[in-house]
Amino acid sequence: MSKTADIRLPDPSRWRALAFIALAQLMVVLDATIVNIALPHAQTALGITDANKQWVITAYALAFGGLLLFGGRIADLWGRKRTFVVGLIGFALASALGGAAQNQGMLFGSRALQGVFGALLAPAALSLLAVMFTDAKERAKAFGIYGAIAGGGGAVGLILGGFLTQALNWRWTFFVNIPFAVVAAAGAYFVIREPSGSRNRSSLDVPGVVLSALGLVSLVYGFTRAESSGWSDPLTIGMFVAAGVLLLSFVLTEARVKSPLLPLRVVMDRNRGGVYLSLGLAIIAMFGLFLFLTYYLQVVRGYSPIRTGFAFLPMIAGMITGSTQIGARLMTRVPARKLMGPGFLTAAVGMLLLTQLEIGSSYPALILPAQLLLGLGMGTAFMPAMSLATHGVEPRDSGVASAMVNTSQQVGGAIGTALLNTIAASAATAYATSHAALAATDPELLKLQSMVHGFTGAIWWAVGILVVAAAIAVTFINAGRPSATEVKSGSGSGDADGVEDEFKVPVVAH
């Protein structure tokens with residue numbers, strides 16, 4: 001095939017399409033944190049018990065995490081535009097149901113439905129970018145914007161959630177999704193033109209769907225339960241054992257069936273495998289940061305929800321700068337590993353600063369520079385990671401490749417919340433026990449000191465995790481830099497297994 005045949009003409013509406021894809025991504029990422037702010041108010045209004053309140057978060061996480069691979073395959077089968085629009089409409093309806101909830105069952109059900117439609121929406125959005133932006137420089141800019149939103153949207157959710165909860169009421173943290181979804185769906189319907197010839201019309205791998213969904217649900221629920229019931233809880237252990245058996249069976253099944261849900265060629269490539277693994281580890285550390293800083297600012301320092309949200313703005317600024325000004329500008333000039341490795345290490349330095357947290361730590365002197373470093377590092381690393389995760393795959397596999405990005409993030413988030421929170425709780429208990437004498441004179445001071453000690457202990461683990469993520473990125477990822485107009489072959493994977501050479505623009509006919 002000639003060189004000119006490898007590159008299709010770009011879609012003239014691709015940049016307008018990016019605006020609606022980015023809006024949808026912002027809605028999904030906002031929802032992850034905006035509901036956390038509203039949870040205490042929703043719990044009081046609906047009479048949700050302390051034992052059941054976790055299901056507001058867990059119901060969404062289980063549905064979203066368990067069905068992501070299925071959602072990615074549906075996007076390849078139905079078409080990404082159609083799946084994207086259906087996901088948006090469904091997410092809006094589920095959000096309306098949650099905002100109108102009259103009891104806890106109705107709220108839990110709406111969150112599960114949000115997860116179902118989010119699992120359709122998220123991989124369809126990323127795979128649309130993968131098939132619409134093939135020029136290396138344009139792809140860098142598009143994924144820079146997408147990466148900034150994926151990384152910084154959670155902090156924006158804290159601001160918006162705090163404002164809506166305080167100025168209106170908790171129900172508006174659900175209703176606010178509706179205008180986002182309506183605008184994005186309408187824009188997508190009229191603007192997005194999905195390239196023809198990019199669908200995978202093979203029959204659906206039903207055993208793969210069942211095994212992957214049950215395996216991922218077991219894994220996510222295992223970590224969620226570990227946070228509340230401990231790692232030695234029999235059901236927690238049972239969930240991890242079940243997850244291991246189901247996911248191993250899934251891999252064996254995918255290696256044998258004719259039309260697998262997840263073609264192993266997608267994850268066995270060392271570059272994409274390195275991205276999925278390092279990105280998942282980085283998200284573990286990131287979720288721990290959001291968790292601990294939110295508690296530190298609100299509980300220890302007494303910040304309001306709105307003030308807490310604004311306190312995360314330096315991280316958002318850092319992520320946007322890292323994604324659009326560093327990652328996007330350098331992606332076509334240097335290999336991805338030389339952005340991801342230093343990016344994760346820069347984030348680790350920012351996290352290292354936070355190990356010095358004390359009850360009276362200065363926000364401008366400690367927390368602000370730490371957040372800037374974290375944002376710059378994560379933004380710089382996320383952008384090439386998002387792009388590389390979907391490069392080199394055939395168009396018909398782009399949906400499931402995109403789903404793997406979201407799966408690594410979702411599983412990483414579940415692990416991060418449970419693992420780091422458990423470490424923090426154990427460290428806090430040990431500190432309180434060793435300083436029991438202070439309880440008699442100032443129990444409130446002991447409580448706060450123990451809490452902060454637990455946070456810093458867990459943050460040390462987050463530093464180590466980020467260093468490991470950097471090492472994996474540098475070791476596993478060996479793809480060279482793409483040229484300005486064409487992505488060259490770097491791995492020589494060949495066509496024997498049906499996969500185009502790594503970093504080669506897929507052929508998509510009009």
*asked:* Distance check, rounded to the nearest 0.5 Å: L211 atom CG versus L216 atom CG?
replied: 10.5 Å
_Nearest heavy atoms of T456 and L357, plus distance in Å_ = CG2-O, 3.7 Å
*State, yes or no, whether a side-chain contact exists between F108 and I48 at a heavy-atom distance under 4.5 Å.*
yes
*Roughly how far, to the nearest 0.5 Å, is CZ of F117 from OG1 of T83?*
12.0 Å
*asked:* So, taking the atom named CE in M378 and the one named CG in L279, what distance separates them when rounded to the nearest 0.5 Å?
replied: 9.0 Å
_So which atom in F292 and which in A424 form the shortest heavy-atom distance, rounded to 0.1 Å?_
CE2-CB, 3.7 Å
_Quick check: closest heavy atoms across A100 and Q102, and the distance to 0.1 Å?_
O-NE2, 2.9 Å
_Measuring only between side-chain heavy atoms, which start at C-beta, is Y296 closer than 4.5 Å to L354?_
no
*Mind listing the closest non-hydrogen atom pair of A370 and G350 along with its distance?*
CB-O, 3.3 Å
*Around Y303, counting heavy atoms of other residues, nucleotides and ligands shown, do more than 12 lie under 6.0 Å from its OH?*
yes
*Kindly give the heavy-atom pair with the smallest separation between G379 and S323, and that separation in Å.*
O-OG, 3.1 Å
*Should the pair D233-R225 be classified as a salt bridge under the 4.0 Å nitrogen-to-oxygen rule?*
yes
*Please answer whether the main-chain N or O of A101 pairs with a side-chain N or O of R171 as donor and acceptor at a distance below 3.5 Å.*
yes
*asked:* Let's go through I423 and W460 carefully: what are the C-alpha distance in whole Å and the side-chain angles of both, what is the deciding distance for side chain to side chain contact (heavy atoms under 4.5 Å, CB included) to 0.1 Å, and is it a yes or a no?
replied: CA-CA 10 Å; I423 292 170; W460 272 110; over 6 Å; no
_Is the ring pair W231/F223 parallel, tilted or perpendicular, if the boundaries are 30 and 60 degrees?_
perpendicular
*For M106, does the CE atom have more than 12 heavy-atom neighbours from other residues, nucleotides or ligands under 6.0 Å away?*
yes
_Would the distance check show the side chain of T236 and the main-chain N or O of S232 forming a donor-acceptor pair, the cut-off being under 3.5 Å?_
no
*Please examine the side chains of L235 and Y221, heavy atoms only from C-beta on, and report whether any two atoms are closer than 4.5 Å.*
yes
*For residues V209 and R73, determine if any side-chain heavy atom of one lies less than 4.5 Å from a side-chain heavy atom of the other.*
no
*Is any side-chain heavy atom of L69 less than 4.5 Å from a side-chain heavy atom of M404?*
yes
*Got a sec: does the CZ of F240 have more than 12 other heavy atoms crowding it under 6.0 Å?*
yes
*For the residue pair F344 and A282, what are the closest heavy atoms and their distance?*
CE2-CB, 3.3 Å
*asked:* Over 60° means perpendicular and under 30° means parallel, so tell me whether W170 and F174 are parallel, tilted or perpendicular.
replied: perpendicular
_Sub-4.5 Å side-chain heavy-atom contact between V116 and L120_ = no
*Hey, does the side chain of E254 reach the backbone of L261 with a donor-acceptor pair shorter than 3.5 angstrom?*
yes
*Say you draw a straight line from CG of L88 to CD1 of I21; how long is it, rounded to the nearest 0.5 Å?*
10.0 Å
*Going through the checks in order, is the ring-ring contact (aromatic ring centres under 6.0 Å, His included) test met by F64 and Y60?*
CA-CA 6 Å; F64 188 74; Y60 178 86; 5.5 Å; yes
*Just do the side chain to side chain contact (heavy atoms under 4.5 Å, CB included) check on F250 and V210 with the steps written out, would you?*
CA-CA 9 Å; F250 171 68; V210 174; over 6 Å; no
_Gap between atom CG of L246 and atom CG of L214 - 0.5 Å precision_ = 6.0 Å
*Do P207 and V257 have side chains that get closer than 4.5 Å, going by heavy atoms?*
no
*Measuring from L18:CG to L23:CG, what's the distance to the nearest 0.5 Å?*
11.0 Å
*Would the number of heavy atoms belonging to other residues, nucleotides or ligands and lying under 6.0 Å from NZ of K447 be above 12?*
no
*Close side-chain approach of V85 and I192, heavy atoms under 4.5 Å*: no
